[in-house]
Amino acid sequence: MAEYREIIFNSDKIQTDDYFVNIGPQHPSTHGALRIVAKLEGEIVQSIDPVIGYIHSGIEKMCESLSYPQLIHLTDRMDYLSAHMNNEAVCLCIENALQVEVPERVKYIRTIMDELTRIASHQLWWCATGMDMGAMTTFFYGLRDREPILDIFEETCGARMTFNYNVPGGLMFDIHPNFQKRVKDFIRYFRKKLPEYDTLLSGNVIFKERTKGLGVLSKEEAIAWGVTGPSGRASGYSCDVRKLHPYSAYPYVKFEEKLATDGDTFWRYQLRIEEMWESMKIIEQLIDNIPEGDFAVKMKGVIKLPEGEFYQRVESARGEFGVFIVSDGKKNPYRLKFRSPGFSNLFVLNELVKGVKIADLVAIMATLDLVIPDIDR
Amino acid sequence: MTNEELKLTIAKLCSSAEFKDGAQFLEVIVPAADLHHLCRELRHNGETAFDYLFCLTGVDYPTYFEVVYHLDSTRHRHVVVLKARTASREYPVLDTIGDIWPTAYSHEREVYDLLGVRFNNHPDMRRLFLEDGWGFPLRKDYVDPVRIVER
Amino acid sequence: MKALFNYIKEVLGGFYTLLQGLGVTGKYLFTPWNYVTQSYPENREKLQMFERFRGEVIMPHNENNEHKCTGCGLCELACPNGSIEIISKSILTEDGKKKRIIDKHIYHLGMCTLCNLCVRACPSDAIIMGQKYEHAVYNRSNLTKVLNKPGSKIMEGIKE
Amino acid sequence: MGIRKKRLSEIESNDSPIISTHEGGSIVLANLDAMFGWARRNSLWPLTFGTRCCAIEFMAVGASRHDFSRFGNEVARPSVRQADLIIISGTINYKMAPVLKRLYDQMPEPKYVMALGACATSGGPFYYNSYAVVKGADHVIPVDVYIPGCPPRPEAYFYGLMQLQKKITKDRYYTEKKLLKSEKLK
C-alpha cells in the first residue's frame, strides 16, 4: 500500500506518454481534406503537424503541357472561392510579359468582379466560422446573401463559381446589360443585411469570450511566416497588394487598408467583416463609371511569351496570390508556380495553437480561412 | 533602395554573386556555398532588411536545379530575386534558409517533394504532398505509365 | 459591492446580446415576404436559366438535319481536358475530289468543365452552349455523346 | 444482413432504372418492400465529404435558397456510421482513395454513392497528364448516380437525387431474398 501511495503522490515516478489525436482528412471542421495530427497533453495542444496532399492534383505539372489560354481554367479549381482573382493573376502576368495594355473598361470590370468575389468568399467564410464554433444560424444567413452575387456571376459569366471569365487580353464576354442594375441592387440589399452579421455573431457574448485573446500572432511572426491577407493585417502587418502594388483599377479608387494590432482570433474575424464594407465602397465608386470601349484586345491566335521569368502578385480573398512563370519562348510555360496564400497561412498554425485547448484549435483554424485545394494545388 | 544600389550592396556582401536585370526584378545568381551567408546578411542588414520571403520555388534545367527565392522588404519595399544552383542533377543539395525565414521550411519541403532537391540542416525533410516512394513529378524526365494518361 | 454590480451588469448584458441574435432570427420567422426558398421540382416548367448559362455543349441542327460543323478540329485542339474528339472520314465529291468531312463529333460530358473555350474557338459557330442542366445518369457511358445526329450533313454555304 | 444492391451493370437504361421484377412475389412481402423503399428514399442522410469546389455547391444546396431538407436529405452527418449516402463532391487522388474506401466500408447497409461533378465522375479536368488524380471515383467504390457539371447547379443535384430516389424505390429486399433461396435449392 505504501508503495502505491508513493507512486501516486510522488510525481517523478509517474510516466506519461504523448497523446495523439488525428483530425481529418474527412472532418467537417477542416474545410476540406486537411489532416491534422495534434499532440496533446490532456486537453491542451502541445504541437500540431498538418498533413496535406489529400487533394493534390498536380496542377503545376499539368500547366506545363497546356497553352496559356487553356491553363486559366485550372486556376479556377485551385482557390475556388477567389476564382476570379486567380484568373486575373495569370492574365495580368501574361499581359505584362507581352506588354499588352488592356482597355480601361476591362480594368474596371475586373476590379468590380474581384470585389464581388471577395465579398462572396468572406460570406462563405463567415458561415463556416460560425458552424465551426457551433452556430448553425450563420450557415443559412451567409449563404442566403451569397446567392444574389452568384446570380450576378451567372448572368454575366455563365457559371456560378468557376467561371473562367478572364482571357489573356481582356474578358471572355462583355458584361450583361443588367449587370450594373443588379450590382447596385445587391449593394443596397447587402448594406442592410451586413449589420445583422454583427448582431448574430460579432456582438454575441459567447463568441467574444471564446475568441478574444486566443491564438495571438505578433507582427514580426506574421512577416517571418509570410502570413498575408486579413490574417496578417490583424497583426498590424500592412500587406495589402491592392495598395502596395496596385493593378487593374485599384489606383483609381479610394479605400482604406484596415489594420488591427491585437492579432488574435477575434480581430482576424472582425477585419474580414470590415473588408466587406470596404469592398462595397470600392464597387460603389466604380459601378457608375465603367467607361465605354472594347472588352478585350485582339491577341494572336497562339500566345507565346518571350523568354524570361515573370511574377505577378494579386490580393486574393485569403492573401497574396502570386504567379511565377518561367518561359522558354514556347506556347506553354517551362515552369509555372502558384504562390498560394493558404500554404504560408497554414504552417503558422503550429505557432498559434501551442497551449490552447483542442476546441479552440478549430476556432483558430477557422479564422485563418484555409481553402485546402489552394494549399495542395 | 533602387536596383543599382542593391547591386552595389549585394556585391559588397558576396563578391562571387552574378547579376542579371530581369523583366521585373533584380536577379542575383548566388553560388550554393554562399547562399546561407548572403541570406543572413540580407535579412539582418539594416540597409537591405529583407524580412519577407514571399515565394520559394524550384526549376528543373537540363544540367542543374535552380531554386528561386523572392525576397521583399516590408520596411524599404524593394524586391530581389536570389537564385541558387545545385552542383549536379544526380545529388541536388542546397543549404536551408529556414532558420532565417521560418516560412521557408514548408516551402523547402514542397521543393523536395516535387523536385527532389534536398536541403542541408532542415529539421523535417519529409514528403509533403505525396507518399514515400513516389518519384519527383516536376522533374522533366518523370514518367509514370500507370497513373498518367498522356494526351 | 461595485464588483458585484458589475458582474450582474455583465451577465444581463450577455443575455441581451443573445436576445438580440434571437430577435433577428425571430423577425424572419414572421415575415413571409423575406422567404427565399425555391421549390425546384415544382417550378421546373417555369425555371429559366440565364441566357449565358453553360450547361452542356450542343450542336444545333436545322429542320433538314443539317449542321454547320466542318470537322476542322479546332475545338478539339482548344479543349484543355480532351473532352471533345472528332472522327472524320473522307468521301468523294461529285467532281471526283477527295474531301474530308466529319463522321462523329464525340463529346464527353462527364469530363467537360464547361469553360467555353471550344465555343470561342469554333470558326463557323457550329457548337454552342446549351441550357440543359439535368444530366444525372446511372451509367457513366451514357455521358459520352455524339453531337451530330445520324444522317446529318453540313449546311450549304459553310466554308472550311 | 445481406441486402443485395443493384449494381450498375444490371441497369442499362438511362432514364428509368429497369430492374427485373420477379413473378410471384408474395403480397405481404412486396408491400413490405415498397414500404422500406419509401422510408429509405425519403430519409437519405448524406455524409459531409467535400474535397473541392463541388463541396461549396453542396453547401449551397443545403442552405436557404435551395434547401435539401425538402427531400428528407436534411441532416448532413459528419460520421459515416450515421449516414447512408456518400456524395463524392470533388477530386479523389491516390492519397485520398484509401480513405474513401475505408469510409465506404464503415458505412452501414444499405448505402448509396453519388458522384457529384466532373472530377468524381471521370477525373474531369485532371484526366490527362495528371499524376495524382484517380480517373473517376468508380475505380474506388461503386457509384449509383453520376451528376456531371463543373460544379453542377443545385437543381442538377436535386435531379440526381430524384434519380437516386427512383432507384431506391425499385430496390427489392424480401422478394429478392426469397428468389435467391429458391435458386439455391435448384
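Every chain is numbered from 1 and lettered A, B, ... according to where its sequence line falls, protein lines coming before strand lines. Quick note: numbers below take in every heavy atom, side chains included, and nothing from hydrogens, waters or symmetry partners. From a predicted model like this one, the values you see are computed outputs, not experimental measurements.
Atoms CG and OG1, from A:Leu201 and A:Thr138 in turn, are 6.5 Å apart once rounded to the nearest 0.5 Å.
For D:Tyr94, no part lies under 4.5 angstrom from a heavy atom of chain A. D:Cys119 does not touch chain A: none of its heavy atoms, backbone or side chain, sits under 4.5 Å away. Only the side chain of D:Leu47 comes within contact range of chain A, with heavy atoms under 4.5 Å apart. The contact between D:Pro154 and chain A is made entirely by side chain atoms (from C-beta outward), counting heavy-atom distances below 4.5 Å. Contact of D:Leu103 with chain A is made through the side chain alone, with heavy-atom distances under 4.5 Å.
In the model, A:Arg272 has no side-chain atom that pairs as donor or acceptor with a side-chain atom of A:Thr367 under 3.5 Å.
Interface check for chain D: of the options A:Met161, A:Arg160, A:Lys61, A:Arg35, the most heavy-atom pairs under 4.5 Å are formed by A:Arg160. In terms of non-hydrogen atom pairs under 4.5 Å with chain D, the most contact-rich of A:Cys127, A:Gly53, A:Ala33 is A:Gly53. Most heavy-atom pairs under 4.5 Å with chain A: of the set D:Asp67, D:Thr51, D:Leu100, this distinction falls to D:Thr51.
Geometrically, D:Lys111 engages D:Tyr104 in a cation-pi contact, judged by NZ or CZ lying under 6.0 Å from the ring centre and within 45° of the ring axis. A cation-pi arrangement, defined by a distance under 6.0 Å to the six-membered ring centre and an angle within 45 degrees of its axis, is absent between D:Arg40 and D:Tyr112.
Classification of D:Glu57 and D:Arg153 as a salt-bridged pair fails, no side-chain N sitting under 4.0 Å from a carboxylate O. Using a 4.0 Å cut-off between charged nitrogen and carboxylate oxygen, A:Arg118 and A:Asp114 do not count as a salt-bridge pair.
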